[in-house]
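The structure under discussion appears below in the form of structure tokens.
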Amino acid sequence: MDGSEPPIADTVSSISESIPCRESQIKLLLSLFGEKRCMTVPAIFAYGHTATGKSAVINSILKTCKLPHVLVNCVECYSSRFLYEAVLNGLYTNNGRQKPETPVKCENMNDFVRLFRHTCMDLHLQNETVYIVIDKAERLREMDANILPAFLGLQELADGNVCVILLSEIVWEKFRCGTGFQEPFIVQFPDYNKDELLRILVRSAPEGYSAEFYQMYLSLVLSVFHIVCRNLSELQHLAAINFRKYIEPIKNGEATESDSRKLWKNFEPHLKKALQTVYLREVSSTQWERMLEESDAGKMMTQQAFDKHKKSKVIKKQERTNNHMLGPKPFPLDRLMAVFYAIVEGKVAPTANIFMQITSLVSVHLLSQVAGDDQIDVLKYKCLVSLDFIKSVARTVNFDVVRYLYDFV
């Protein structure tokens with residue numbers, strides 16, 4: 001870095017405070033970036049699983065060092081035209097300039113290279129390295145065949161100081177589809193080990209509890225979940241939503257922070273049950289149970305979703321078999337409501353709460369909203385759970401769901 005910028009050691013220390021356990025990757029990237037006015041490597045390929053710090057580290061370096069850059073995501077920019085235009089328009093907004101009155105339009109790579117040169121001149125960036133960060137870069141393989149090689153060689157094509165950074169969850173070998181590729185500099189972001197996860201998670205200790213107590217709690221959580229889940233974001237979520245159950249005996253006056261054995265004995269059954277909801281970010285195991293316990297209407301809605309057809313006097317055996325194999329079919333909202341009110345027989349008033357129950361069932365993946373085949377404006381849903389699950393829910397409200405399923409007549 002030049003004299004006006006802090007030394008690399010200070011920058012590494014500053015970024016590592018907010019993103020721990022990634023010091024080696026931060027040092028490597030800073031050494032690759034070099035000084036603002038120096039030529040850098042044409043392309044960098046950073047890969048690693050979800051929540052390993054790829055985007056966070058690179059974004060933090062670019063912002064801390066105040067480097068001209070633009071970030072695009074290939075999920076949002078799902079076509080080559082959207083990708084080109086996002087990069088060109090993003091250069092203005094990310095570098096303290098307003099977008100042109102008329103957004104930049106670009107249809108192909110030739111126009112992109114020409115417009116990119118013009119944009120850099122307009123922003124007076126000819127003497128600085130411009131960084132283009134492309135997240136979810138594996139989707140580039142689904143676009144035009146010339147896009148990936150062109151971005152890798154953009155420094156040569158644009159005859160300027162530009163570095164393209166590709167972020168992906170898959171290895172570089174899966175990007176190769178022929179010859180002529182300019183190889184990028186590869187930076188790996190490995191999964192966090194157990195000690196690193198503990199070091200990161202303990203930073204989120206809730207107020208009123210010591211770091212040692214929260215660290216002991218996290219050790220218990222990791223002892224159960226680390227085998228099946230090493231995603232930092234998911235583990236942070238699990239640690240946050242299950243902490244209330246862990247401290248329940250303390251809140252009730254039945255234990256203290258030092259009673260680790262009693263706390264674990266109370267917490268262990270809940271924690272093992274929570275394994276069933278790993279990666280189900282919308283709801284925790286406790287919330288799922290509470291929702292089903294408190295809302296008989298929600299249970300009935302789930303059952304009615306499974307029961308899309310009423311009894312029929314004449315049913316062929318082959319039809320029954322086929323229906324069992326096919327499972328629940330999509331149904332319109334008005335059909336669900338009609339079946340529901342036919343069964344409850346006026347015991348539940350038609351209020352907005354009923355429709356909120358449907359939204360809740362969708363959010364916890366008991367139902368899914370699907371598009372209608374013939375009528376786009378008609379909401380349709382589909383039941384996502386098994387018959388055994390429906391039976392177990394029905395038993396909790398003393399409802400014989402089998403009586404309403406014509407396959408069992």
Side-chain angles (χ1 to χ4, degrees), residues 1 8 12 22-50 52-62 65 67-75 77-80 83-84 86-88 90-91 108-114 116-117 120 125-126 128-191:
M1 301 288 178
I8 287 182
V12 172
R22 282 294 176 250
E23 289 83 359
S24 60
Q25 285 80 13
I26 295 170
K27 289 179 183 177
L28 176 58
L29 288 167
L30 284 171
S31 64
L32 290 173
F33 289 179
E35 299 181 1
K36 281 187 176 181
R37 298 179 181 276
C38 294
M39 294 291 290
T40 186
V41 292
I44 298 173
F45 180 79
Y47 75 98
H49 290 149
T50 304
T52 50
K54 304 182 297 295
S55 300
V57 166
I58 289 173
N59 292 348
S60 184
I61 291 175
L62 294 172
C65 299
L67 302 173
H69 65 280
V70 60
L71 298 93
V72 294
N73 190 307
C74 287
V75 174
C77 306
Y78 52 86
S79 71
S80 57
L83 181 62
Y84 300 145
V87 171
L88 296 170
L91 280 173
N108 54 62
M109 181 55 75
N110 287 335
D111 290 342
F112 173 76
V113 173
R114 177 178 54 81
F116 179 77
R117 283 203 210 104
C120 289
L125 298 175
Q126 307 96 309
E128 296 184 39
T129 305
V130 177
Y131 295 89
I132 300 175
V133 183
I134 302 178
D135 201 359
K136 304 295 182 186
E138 58 270 13
R139 291 176 177 257
L140 291 176
R141 302 175 302 168
E142 303 168 6
M143 298 185 187
D144 298 339
N146 68 323
I147 287 184
L148 183 57
F151 270 115
L152 292 173
L154 185 60
Q155 188 177 98
E156 181 180 354
L157 292 173
D159 192 23
N161 194 0
V162 57
C163 175
V164 175
I165 303 175
L166 305 177
L167 305 182
S168 178
E169 296 180 18
I170 64 176
V171 296
W172 171 246
E173 284 71 21
K174 293 190 176 182
F175 280 76
R176 294 196 183 100
C177 58
T179 59
F181 272 69
Q182 181 171 327
E183 294 289 321
F185 191 97
I186 297 175
V187 180
Q188 182 187 11
F189 283 74
D191 290 342

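All values below were derived from every heavy atom in this structure, side-chain atoms included, with hydrogens, water molecules and symmetry-related copies excluded.
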Shortest non-hydrogen separation from A137 to C74 and the atoms involved = CA-SG, 4.4 Å
query = Between M143 and C77, which heavy-atom pair has the shortest distance, and what is it?
reply = CE-O, 3.1 Å
request  = Take atom CD of Q126 as the centre, draw a 6.0 Å sphere, and report whether it contains more than 12 heavy atoms from other residues, nucleotides or ligands.
outcome  = yes
Could you tell me whether the side chain of [Y] reaches within less than 4.5 Å of the side chain of [X], counting heavy atoms only?
X: Y84; Y: M109; result: yes
X: S60; Y: V57; result: no
X: P190; Y: Q25; result: yes
X: R114; Y: N110; result: no
X: I170; Y: F175; result: yes
X: V130; Y: C120; result: yes
X: I186; Y: V171; result: no
X: F116; Y: L88; result: yes

Look at the side chain of [X] and the backbone N and O of [Y], then say whether any donor-acceptor pair between them is shorter than 3.5 Å.
X: R22; Y: T52; answer: yes
X: K54; Y: G48; answer: yes
X: Q155; Y: T40; answer: yes

key: Face-on cation placement of R139 at Y78 ring, 6.0 Å and 45° thresholds   = no
task = Give the intermediate values and the outcome of side chain to side chain contact (heavy atoms under 4.5 Å, CB included) for residues C65 and L30.
result = CA-CA 9 Å; C65 299; L30 284 171; 3.9 Å; yes
query = Checking side chain to side chain contact (heavy atoms under 4.5 Å, CB included) for the pair L148/L166: CA distance, chi angles, key distance, verdict?
reply = CA-CA 10 Å; L148 183 57; L166 305 177; 3.9 Å; yes
query = Does the side chain to side chain contact (heavy atoms under 4.5 Å, CB included) test come out yes or no for F112 and L83, once each step is laid out?
reply = CA-CA 10 Å; F112 173 76; L83 181 62; over 6 Å; no
note = Output for pair (D135 CG, L71 CG), nearest 0.5 Å, gives 8.5 Å
inquiry  = Looking at K174 and E169, is there a salt bridge between them, counting it only when a charged N and a carboxylate O are closer than 4.0 Å?
reply    = no
ask   = Parallel, tilted or perpendicular for Y131 and F33, by the 30°/60° rule?
value = tilted
task = List in chain and number order the residues that pass side-chain hydrogen bond (donor to acceptor under 3.5 Å, both in side chains) with D191, two or more places apart in sequence or in another chain; answer none if no residue qualifies.
result = H49
query = Residues two or more places apart in sequence or in another chain: which of them pass side-chain hydrogen bond (donor to acceptor under 3.5 Å, both in side chains) with T129?
reply = N161
key: Criterion side chain to side chain contact (heavy atoms under 4.5 Å, CB included) on N146 and N108, from CA distance to verdict   = CA-CA 10 Å; N146 68 323; N108 54 62; over 6 Å; no
